[in-house]
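Protein chains get the first letters and strands the later ones, always in sequence-line order, with residue 1 at the start of each.
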Protein chains: 2
Amino acid sequence: MKGSSDTRERLLEAAGRLFGEHGYAAVTVKDIAHAVGIHHASLYHHSPGGKEELFVEVTERGLIRHQRGLNAALARSEGSLRAQLRAIADWLLSQAPVDLVRMALSDMPQINTAAAETISNLAHDALLLPIMTALESGQARGEINYPDLGNVAGSIFASIEALHTIPAIYLTKTRLEMAYDLIDIFIRGMQTD
Amino acid sequence: MKGSSDTRERLLEAAGRLFGEHGYAAVTVKDIAHAVGIHHASLYHHSPGGKEELFVEVTERGLIRHQRGLNAALARSEGSLRAQLRAIADWLLSQAPVDLVRMALSDMPQINTAAAETISNLAHDALLLPIMTALESGQARGEINYPDLGNVAGSIFASIEALHTIPAIYLTKTRLEMAYDLIDIFIRGMQTD
DNA sequence: GTCTATATAAAGATAGAC
DNA sequence: GTCTATCTTTATATAGAC
């Protein structure tokens with residue numbers, strides 16, 4: 001466990017959770033420090049770069065985590081598009097919501113442009129490419145027949161993530177069941193034969 | 001034009017645009033005042049309630065605007081589900097992006113709970129109900145055959161809004177053409193016969 | 001490694017001159 | 001109706017004691 005102390009790790013976890021849920025501007029370093037039970041001044045001992053560096057670090061970490069999770073989901077569900085998209089939904093709904101719109105329009109303009117560019121590219125590679133890969137495999141196997149698959153990946157991602165925000169009171173079935181329903185709609189909809 | 005001076009109107013317009021794009025926390029009263037070319041102290045003359053009241057006012061206004069726009073879209077496209085959903089996409093893509101996830105997870109927790117509740121309900125009624133109405137009409141006409149339509153309305157909304165964030169460089173066709181493609185996918189996908 | 005104290009800056013807001 | 005000046009609060013960040 002080299003330089004990464006336990007407290008630092010808990011700080012990164014809390015920062016990732018809070019930034020992910022509320023966005024860069026709405027979270028203060030005080031919120032983050034308080035979440036792990038230390039004074040906010042102590043935070044700078046573990047993360048000397050302060051708020052912005054913390055945000056960049058945990059956001060990149062979170063995206064890489066998703067990249068691994070989604071690629072693992074793909075790997076263990078090879079053979080059918082439906083199984084692959086369900087595995088992707090399993091993963092995404094087991095994790096905290098990811099709001100790509102907020103990241104693009106609200107968070108990114110508030111950090112340095114170089115980091116923003118890195119994160120934007122990583123978000124695309126980590127979240128959208130796996131869905132794209134699944135769609136192309138399915139297309140190659142003849143399960144769907146659709147031009148312009150790139151268009152659809154973002155839509156599937158947004159559809160699944162939107163399920164996160166449905167208040168529990170309105171749920172007639174689980175979010176995962178809803179996601180599976182949506183996946184069937186997308187697959188059927190891309191069968192243009 | 002009674003009490004609503006021209007400057008006040010321009011302030012509301014700027015506030016609506018900035019809050020809508022970047023969210024409550026990321027926009028300062030200085031940003032808003034600067035956008036209309038006045039000192040931020042002057043803003044309080046037109047909007048004595050300050051930032052929070054301004055946010056609530058323009059957000060409700062924007063949602064009511066969408067409610068009118070979407071219901072008008074429905075009214076002028078009666079007869080076919082595809083035409084109605086296309087009219088909805090026409091409207092949504094002609095307007096600034098609406099990030100319901102950010103509103104729910106980031107903006108609402110930062111304002112008083114009563115206003116947050118009002119806005120949340122209004123967002124549902126203004127944005128999701130029109131889509132729901134179109135789907136139910138289409139179902140009644142036999143154009144689609146799908147249980148659990150409530151599930152799908154949010155997904156269609158999220159899918160269309162996600163198009164807003166595709167960088168212009170990646171566009172192989174217009175966002176509206178992409179939206180029409182997605183609508184066909186959804187309609188075909190909801191034909192379970 | 002954590003705290004208290006403090007510095008600095010930014011943001012929301014008000015008072016009062018013009 | 002707009003400005004300057006000011007106040008208050010909050011936020012980011014640093015210094016230094018423990």
Which one of A:L54, A:L12, A:L11 satisfies the side chain to side chain contact (heavy atoms under 4.5 Å, CB included) criterion with A:H46?
A:L11

Which whole-number value in Å describes the distance from [X] [atom1] to [N] [atom2]?
| X | N | atom1 | atom2 | value |
| --- | --- | --- | --- | --- |
| B:L43 | D:dC3 | CG | C1' | 14 Å |
| A:R10 | C:dG1 | CZ | P | 12 Å |
| A:L11 | C:dG1 | CG | P | 11 Å |
| B:Q110 | D:dT10 | CD | C1' | 13 Å |
| B:H34 | D:dT2 | NE2 | C1' | 15 Å |
| B:H45 | D:dG1 | NE2 | P | 4 Å |
| A:D6 | C:dG1 | CG | C1' | 12 Å |

Write out all pairs satisfying salt bridge (charged side-chain N to carboxylate O under 4.0 Å, His left out) with one or both partners inside [range], taking only residues at least two apart or from two chains.
| range | result |
| --- | --- |
| residues 110-137 of chain B | none |
| residues 19-47 of chain B | none |
| residues 161-174 of chain B | A:D148-B:K173, B:K173-B:D181 |

May I ask you to evaluate whether A:T7 reaches the phosphate of C:dG1, defined as a side-chain N or O under 4.0 Å from OP1 or OP2?
no

Under the ring pair (Phe, Tyr, Trp, His ring centres under 6.0 Å) test, residues paired with A:H66 that sit two or more places apart
A:W91

Residue pairs passing the side-chain hydrogen bond (donor to acceptor under 3.5 Å, both in side chains) test with at least one member in residues 184-193 of chain B, sequence neighbours excluded, are B:R82-B:D184, B:N145-B:T192, B:N145-B:D193

With the sugar-phosphate defined as primed atoms, P, OP1 and OP2, and the base as all remaining atoms, what B/S/- string results for nucleotides 11-18 of chain D, 5' to 3', for protein heavy atoms under 4.0 Å?
SBBB----

